[in-house]
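The structure follows.
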Amino acid sequence: MKKEISESRKNTLDKLYNAFRIVSDGSYVYVCDMKYDYSRWTEEAVQYFDLPGEYMYQAGDIWEEHIHPEDRKSYHDSIQAIFAGTDKGHDMQYRAKDRLGRYVVCTCRGTVLWDEDGNPDYFVGSIQNHGELNSVDSLTGFQNQYGLFDHLKVLYSKKARANIMMLGIGHFSTINEMWGYEFGNIVIHKVVKILKTEFRNEGVLYRADGVRFVLLTRTLSIEELEKRYEVLNKLICEKLEVDGYHPNLLVYGSAMEIDTFDISPQAMFSCLNYAYNISKENNGEFHIFRDEIDEHRHNLLELINVVRKSIENDCSGFILFYQPIMDARTQRLRGSEALLRWENPEYGMVPPGKFIPIIENDPAFVRLGEWILQKALEDSKPLLKEYPDFELNVNVAFEQLRRDSFVDMVKRCLKNTGYPPENLCLEITERCKLMDLNRLSGILSELRAMGVSFALDDFGTGYSSINILNQLKCELVKIDKVFVDGITENSKNVKLIRIINNLADIYGSRVCVEGIETDLQSKIIKECGVDSLQGYYFSKPVSLQKFISMFLPQESSVMA
């Protein structure tokens, strides 16, 4: 729990801020009370970088989220040394992300003011904004993603219809590992040459990130883009050659129409990313994102746009429901899974399956993911008194795990809430299994050292495999409900659950079976020797108040 700053200390902070503001000479000014980790920042910086406010607790952690991943470690180490009293200040340059998602170069200079006892008291300084980074990618000569969004803003302002296609190269990390980065750069140059030839005078090409490229065109239809994709597939996968060697490449692709201008370009790009990931999951089959209208006449694109705005507005409208996880032997509460819902006056209560698959590809999901974890930890603390072994399960999205700041975020939430790490289990969702397993294993090991455990979700479906179980050493394996459906008539599924349970036991993992809906299913699966059960038979996902009243009846009046 953070210490609330006293009025006298806040007055001193304001006086220091006003003094430094006078001599700031156009730079952003910050003053941090190091005893309370409470800061005041220039209002211009707050607006430019979309910070929570002029006054902030733990501003260093908040600002670190804006810093480019490649620059983040040096900044983090410097701040740690300053707060530890081993450094007197810093003078460094890094890239920071503005409110539009663009990186600007900043020079940050700060110094520590010491109290009478020689302890760090205040950290004061300035940040000079040198402006937006060059929008041209040096390797390909294409404009980068910042240039793409600038182009989209122009199209939106003119309400000019266009089509957009994303194309990416698979198996590229293997090329770099086997042949080196110089060889990989030659491959990229050859891919770029193919793209330039194929789309000459028919659109503008951009390099999004890594080996993903985007075409923005006003001349080619979606159907024509699909045909061009088939041509590109053959040119890149079959005919691309470097020194007589044919790299083993895959091509993934997606496309969508830009014909709706009351949503943000970021929301549109999230939908394009979503379609691209479907192409990856289907071995390169071209996927076209098409807007849908539900039974209430709501457009999917509009929904995603409103959801993004809700995230930006302090995650307003989002709520957590909880579904109990029961001990298979005793039928006593073992834990719960936190499940996200979103409620809006226009859309009503929206289930996660309608927006999570798209929004989890969006950088905005990182903010939502932290909100989910922090809220779930706070909500679950009352249950620990009655159930000391209570285990809270929280799903983790791919967009969170791929960020360098993920481990620090988890640590921050645990520290803020005082929730014991050993009572937290993070569930790895399907897309997380697409990450480099060595990197993912390193992330898990760092948090596991604190006591946090991990669950491998939907085992037996999609990308789940024995290799993943062996490499990640997850403490819990969750068997998907597809194995439970029809189990009373199909003895093969019972055998499969027994086999998975025995397999998990070899690797030291417990097993939870999801989708239990009847007493008979519960009894059959209990005989398989699994550790825990989850499903509608015990309870649907319910609000926190309902969950508390179910398992802590004496607390229900307090929660009301």
Side-chain angles (χ1 to χ4, degrees), residues 49-53 56 58-73 75-76 94-103 145-146 149 208-210 212 264-274 276-277 304-318 320 338 340 342 352 355-377 394-417 424 426-432 434-436 439-440 443-444 446-447 452 454:
F49 293 102
D50 191 24
L51 299 172
M56 294 176 281
Q58 298 173 324
D61 292 338
I62 295 170
W63 183 237
E64 186 173 318
E65 291 289 330
H66 287 70
I67 293 177
H68 194 284
E70 294 175 3
D71 304 335
R72 199 170 287 159
K73 187 177 187 305
Y75 167 84
H76 179 84
Y94 48 67
R95 293 160 288 178
K97 185 167 59 177
D98 70 9
R99 67 185 183 280
L100 298 177
R102 302 171 302 188
Y103 282 98
Q145 194 162 306
Y146 312 120
F149 276 97
D209 55 37
R212 292 196 307 166
S264 70
Q266 288 78 10
M268 180 278 299
F269 201 69
S270 292
C271 295
L272 183 67
N273 265 322
Y274 167 69
Y276 176 80
N277 285 317
I304 298 305
N305 192 53
V306 177
V307 169
R308 283 192 91 260
K309 289 180 178 178
S310 295
I311 296 174
E312 293 168 0
N313 187 26
D314 296 326
C315 299
S316 63
F318 289 97
L320 291 181
L340 186 67
W342 180 69
F355 63 89
I356 284 293
I358 299 177
I359 208 70
E360 72 175 358
N361 301 295
D362 194 301
F365 190 84
V366 175
R367 183 183 299 184
L368 178 60
E370 181 164 359
W371 179 89
I372 293 169
L373 181 57
Q374 177 96 8
K375 185 75 167 65
L377 294 173
V394 179
N395 290 286
V396 176
F398 176 80
E399 187 64 29
Q400 293 173 275
L401 268 178
R402 66 187 287 267
R403 299 290 180 114
D404 293 337
S405 58
F406 175 73
V407 171
D408 287 338
M409 182 276 288
V410 175
K411 290 179 179 179
R412 182 165 61 249
C413 289
L414 288 167
K415 181 180 178 182
N416 290 344
T417 60
L424 172 63
L426 299 178
E427 294 194 17
I428 301 172
T429 58
E430 187 67 22
R431 284 196 61 227
C432 297
L434 296 173
M435 283 183 63
D436 177 79
R439 183 184 174 198
L440 185 55
I443 292 170
L444 270 57
E446 189 171 352
L447 287 171
V452 177
F454 291 86

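Computed over heavy atoms, backbone and side chain alike; hydrogens, waters and symmetry mates excluded.
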Closest contact, heavy atoms only, Leu401 versus Val396
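Heavy atoms only, the tightest pair is CG-CG1, 3.6 Å.
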Whether Glu312 and Arg99 form a salt bridge (side-chain N of Lys/Arg under 4.0 Å from carboxylate O of Asp/Glu) is what I want to check.
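Judged by the 4.0 Å cut-off on N to carboxylate O distance, Arg99 and Glu312 do not form a salt bridge.
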Would you sort out whether Asp362 and Ile304 count as a side-chain contact (heavy atoms from CB on, under 4.5 Å), showing the intermediate values?
CA-CA 10 Å; Asp362 194 301; Ile304 298 305; 6.0 Å; no
Sequence-distant partners of Arg367, salt bridge (Lys or Arg N to Asp or Glu O under 4.0 Å), two or more places apart
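Testing Arg367 for salt bridge (Lys or Arg N to Asp or Glu O under 4.0 Å), a comparison that skips the adjacent residues, returns Asp50.
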Report the C-alpha distance between Leu444 and Ile428 in whole Å, list the side-chain angles of each, state the deciding distance to 0.1 Å, and finish with yes or no for side-chain contact (heavy atoms from CB on, under 4.5 Å).
CA-CA 10 Å; Leu444 270 57; Ile428 301 172; 3.9 Å; yes
Nearest 0.5 Å, what's the CD-CG distance between Gln266 and Asn273?
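Here the rounded value is 12.0 Å.
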What is the distance from atom CD1 of Ile372 to atom CG of Asn395, rounded to the nearest 0.5 Å?
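If I round to the nearest 0.5 Å, the distance is 8.5 Å.
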Assess the residue pair Ile443 and Phe454 against the criterion (side-chain contact (heavy atoms from CB on, under 4.5 Å)); give the C-alpha distance rounded to whole Å, side-chain angles, the decisive distance to 0.1 Å, and a yes or no.
CA-CA 11 Å; Ile443 292 170; Phe454 291 86; 5.7 Å; no
Going by salt bridge (Lys or Arg N to Asp or Glu O under 4.0 Å), name the residues that satisfy it together with Asp408, two or more places apart in sequence or in a different chain.
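If we apply the salt bridge (Lys or Arg N to Asp or Glu O under 4.0 Å) test to Asp408, skipping adjacent residues, there are no hits.
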As an exercise, state the distance from SG of Cys413 to CG of Leu373, rounded to the nearest 0.5 Å.
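With rounding to 0.5 Å, SG (Cys413) is 4.0 Å from CG (Leu373).
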Just so I know, are the side chains of Gln58 and Asn416 near enough to count as touching, which here means a heavy-atom distance under 4.5 Å?
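Yes, at least one pair of side-chain atoms sits under 4.5 Å.
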If you look at every heavy atom in Arg308 and Ile359, which pair is closest and at what distance?
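Closest pair (atom of Arg308, atom of Ile359, distance): CG-CD1, 3.3 Å.
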Can you see which heavy atom on Pro352 is nearest to which on Pro357, and at what distance?
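For Pro352 and Pro357, the tightest heavy-atom pair comes out as O-CD, 3.6 Å.
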Between Glu65 and Arg412, is there a salt bridge with N-O shorter than 4.0 Å?
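Salt bridge: yes.
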Flag, side chain of Asp71 to backbone of Arg95, donor-acceptor distance under 3.5 Å
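Side chain of Asp71 to backbone of Arg95: a pair is present.
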Quick check with a 6.0 Å cut-off and a 45 degree axis cone: is Arg102 positioned over the face of Phe149's six-membered ring?
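No cation-pi geometry.
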Restricting to non-hydrogen atoms, name the atom on Phe365 and the atom on Gln400 that form the minimum distance, rounded to 0.1 Å.
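Minimum heavy-atom separation between Phe365 and Gln400: CE2-OE1, 3.5 Å.
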So which atom in His66 and which in Phe49 form the shortest heavy-atom distance, rounded to 0.1 Å?
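That closest heavy-atom pairing would be NE2-O, 2.9 Å.
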Contact between Val410 and Leu426 at the side-chain level, heavy atoms closer than 4.5 Å - yes or no?
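Heavy-atom side-chain distance check passes, below 4.5 Å.
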Lys411 side chain near Leu414 side chain, heavy-atom distance below 4.5 Å
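Side chain of Lys411 against side chain of Leu414, heavy atoms only: no contact under 4.5 Å found.
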Could you walk me through whether Trp63 and Leu51 satisfy the side-chain contact (heavy atoms from CB on, under 4.5 Å) test, starting with their C-alpha distance in whole Å, then the side-chain angles of each, then the deciding distance to 0.1 Å, before giving a yes or no?
CA-CA 8 Å; Trp63 183 237; Leu51 299 172; 4.1 Å; yes
Got a second to check how far Leu424's CG is from Leu447's CG, nearest 0.5 Å?
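Reported to 0.5 Å precision, the distance equals 8.5 Å.
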Can you give me the closest heavy-atom contact between Ala208 and Gln145, atom names plus distance?
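The answer is O-OE1, 3.4 Å.
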Looking at CD1 of Ile358 and OG of Ser270, how far apart are the two atoms once the value is rounded to the nearest 0.5 Å?
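Here the rounded value is 8.5 Å.
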CZ/Phe355 to OH/Tyr274 distance, rounded to the nearest 0.5 angstrom?
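Spacing of CZ (Phe355) from OH (Tyr274) equals 13.0 Å.
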If the plane angle is over 60° it's perpendicular, under 30° parallel, otherwise tilted; pick one for Phe318 and Trp342.
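If you compare the ring of Phe318 with that of Trp342, the planes turn out tilted.
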Apply salt bridge (Lys or Arg N to Asp or Glu O under 4.0 Å) to Lys97 and list each qualifying residue two or more places apart in sequence or on a separate chain.
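Lys97 satisfies salt bridge (Lys or Arg N to Asp or Glu O under 4.0 Å) with no residue once adjacent residues are dropped.
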